[in-house]
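Notes follow once the structure below has been shown.
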Amino acid sequence: MQLLPHHSPGTSYAQQNVVIDFSSLQQQEANSGDFSVATIVEWVRSYPRKGSVHVYLPSDHVLTNARQLQSTLLSLGCTVTRRLPMCHN
């Protein structure tokens, strides 16, 4: 998995916000080798403007350690949003 910030033409990198959206992960993807919590944390740790990073995480149902990852990302200065599963009636 490679995480790169999105750069819009006409703006400097210093003005960019980084959005990492893992909220649509399916359970099988979250448990595969393609998704690595350690990779996300290391990438954020190495990013110079952690306060401009916003991470969307799936629910605990999909990612069993979502709460721990949320706590770690928040402690690094990121904004974190957890998506709740949709109820189907």
Side-chain angles (χ1 to χ4, degrees):
M1 171 190 333
Q2 187 175 16
L3 303 174
L4 298 172
H6 175 73
H7 179 67
S8 300
T11 59
S12 71
Y13 280 103
Q15 298 169 329
Q16 292 293 311
N17 289 324
V18 177
V19 176
I20 304 171
D21 188 359
F22 291 112
S23 64
S24 61
L25 276 180
Q26 299 300 314
Q27 192 163 15
Q28 59 272 20
E29 293 172 316
N31 294 323
S32 76
D34 292 338
F35 180 79
S36 169
V37 169
T39 301
I40 295 168
V41 171
E42 287 307 311
W43 188 90
V44 170
R45 279 191 177 128
S46 69
Y47 192 71
R49 294 178 43 247
K50 295 164 188 63
S52 68
V53 177
H54 190 153
V55 181
Y56 290 89
L57 295 177
S59 66
D60 284 332
H61 174 72
V62 174
L63 184 62
T64 55
N65 54 353
R67 191 169 299 180
Q68 180 182 5
L69 178 56
Q70 177 182 4
S71 177
T72 300
L73 292 171
L74 287 170
S75 72
L76 290 172
C78 298
T79 300
V80 180
T81 301
R82 296 253 313 274
R83 305 282 179 149
L84 299 177
M86 300 284 280
C87 294
H88 299 287
N89 293 332

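Atom set for the values below is all heavy atoms of this structure, side chains included, hydrogens, waters and symmetry mates excluded.
- Sorted by first then second residue, the salt bridge (charged side-chain N to carboxylate O under 4.0 Å, His left out) pairs that include residues 37-47, not counting sequence neighbours, are Glu42-Arg45.
- Thr79 contributes atom OG1, which lies 10.5 Å from atom CG of Leu73 (distance to the nearest 0.5 angstrom).
- Legend: residues meeting side-chain contact (heavy atoms from CB on, under 4.5 Å) with Thr81, ordered by chain and number and at least two apart, are His54, Tyr56.
- Taking the side-chain contact (heavy atoms from CB on, under 4.5 Å) definition, one finds that Arg82 meets it with Leu57, Asp60, Ala66, Arg67, Gln70, sequence neighbours left out.
- Residue Val53 is tested with Leu76, Ile20, Val19 for a side-chain contact (heavy atoms from CB on, under 4.5 Å); the sole match is Ile20.
- Annotation: side chain of Phe22 is not in contact with side chain of Leu69 (no heavy-atom distance under 4.5 Å).
- To the nearest 0.5 Å, the span separating OG1 on Thr72 from CD1 on Ile40 amounts to 11.0 Å.
- Going from atom OG of Ser71 over to atom CG of Asn65 covers 11.5 Å, rounded to the nearest 0.5 Å.
- Applying the side-chain hydrogen bond (donor to acceptor under 3.5 Å, both in side chains) test to Gln68 and every residue at least two apart in sequence or in another chain returns nothing.
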